[in-house]
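If you're wondering where the values come from, they're calculated on a predicted model, not measured in any experiment.
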Amino acid sequence: MRCAVLLWACAFATYGVGDTLTTCINLAYGASELNPLINYYTIIPLKIFIFFIFLTLYLLSRNIIAPLMLTIVGFAGTLWNLLTFLSIS
């Protein structure tokens with residue numbers, strides 16, 4: 001149980017906050033988003049939707065793969081966005 005809570009906290013920090021914040025910063029500085037569905041108006045609702053899909057999958061299966069996947073994707077996205085920001089600034 002503790003492991004799952006820690007993984008969900010990491011998923012929220014990396015995917016929910018880190019990736020979202022760095023994407024918004026990059027968009028503000030004129031970078032383009034690789035995902036055509038993402039812009040200033042859709043990023044928050046899409047992130048919430050995806051987060052709750054993974055949360056539902058976790059609650060149905062009690063498998064820690066869902067928060068682990070969000071953590072990995074969030075970390076990779078945040079890192080990619082930071083490298084993008086450094087290249088445009």
Check residues 39-54 and write down every donor-acceptor pair under 3.5 Å in which the side-chain atom is one partner and the other belongs to a residue at least two apart or another chain.
{"from": "N39", "atom 1": "OD1", "to": "Y41", "atom 2": "N", "distance (Å)": "2.8"}
{"from": "N39", "atom 1": "OD1", "to": "T42", "atom 2": "N", "distance (Å)": "3.0"}
{"from": "N39", "atom 1": "OD1", "to": "T42", "atom 2": "OG1", "distance (Å)": "3.3"}
{"from": "Y40", "atom 1": "OH", "to": "L27", "atom 2": "O", "distance (Å)": "3.3"}
{"from": "Y40", "atom 1": "OH", "to": "A28", "atom 2": "N", "distance (Å)": "2.7"}
{"from": "T42", "atom 1": "OG1", "to": "L37", "atom 2": "O", "distance (Å)": "2.5"}
{"from": "T42", "atom 1": "OG1", "to": "N39", "atom 2": "N", "distance (Å)": "3.0"}
{"from": "K47", "atom 1": "NZ", "to": "D19", "atom 2": "OD2", "distance (Å)": "2.3"}

Item to check | Nearest-0.5 Å distance, SG of residue C24 to CD1 of residue I38 | outcome: 9.0 Å
Checklist entry - Should V73 and Y15 be marked as a side-chain contact (heavy atoms from CB on, under 4.5 Å) after you check the CA-CA gap, both sets of side-chain angles, and the distance that decides it? => result CA-CA 7 Å; V73 168; Y15 182 79; 4.3 Å; yes
Checklist outcome for this item: Using a 4.5 Å side-chain heavy-atom cut-off and chaining through intermediate ILVMFWY residues, the residues clustered with L34 come out as W80
Next on the checklist: Do M69 and L6 land in one hydrophobic cluster if side-chain heavy atoms of ILVMFWY residues count as linked below 4.5 Å?
Outcome noted: no
Item to check | hydrophobic_cluster_shared for L21 and F85, side chain cutoff 4.5 Å | outcome: yes
Checklist entry - If every non-hydrogen atom of P67 is compared with every non-hydrogen atom of N63, which pair is closest and at what distance? => result CD-O, 4.1 Å
Checklist entry - Does any N or O in the side chain of N26 come within less than 3.5 Å of the main-chain N or O of N81, such that one atom is a donor and the other an acceptor? => result yes
Checklist entry - Between I88 and Y29, what is the shortest heavy-atom contact and its length? => result CD1-CB, 3.7 Å
Checklist entry - Excluding sequence neighbours, so at least two apart, what forms side-chain contact (heavy atoms from CB on, under 4.5 Å) with R2? => result none
Checklist entry - Any idea which heavy atoms bring T71 and A11 closest together, and the distance? => result OG1-N, 3.2 Å
Checklist entry - To the nearest 0.5 Å, how far apart are CG in L70 and SG in C10? => result 11.5 Å
Next on the checklist: With a 4.5 Å cut-off on side-chain heavy-atom distances among I, L, V, M, F, W and Y, is there a chain of contacts connecting I65 to L55?
Outcome noted: yes
Checklist entry - T78 and G18: which non-hydrogen atoms are nearest, and at how many Å? => result OG1-C, 3.2 Å
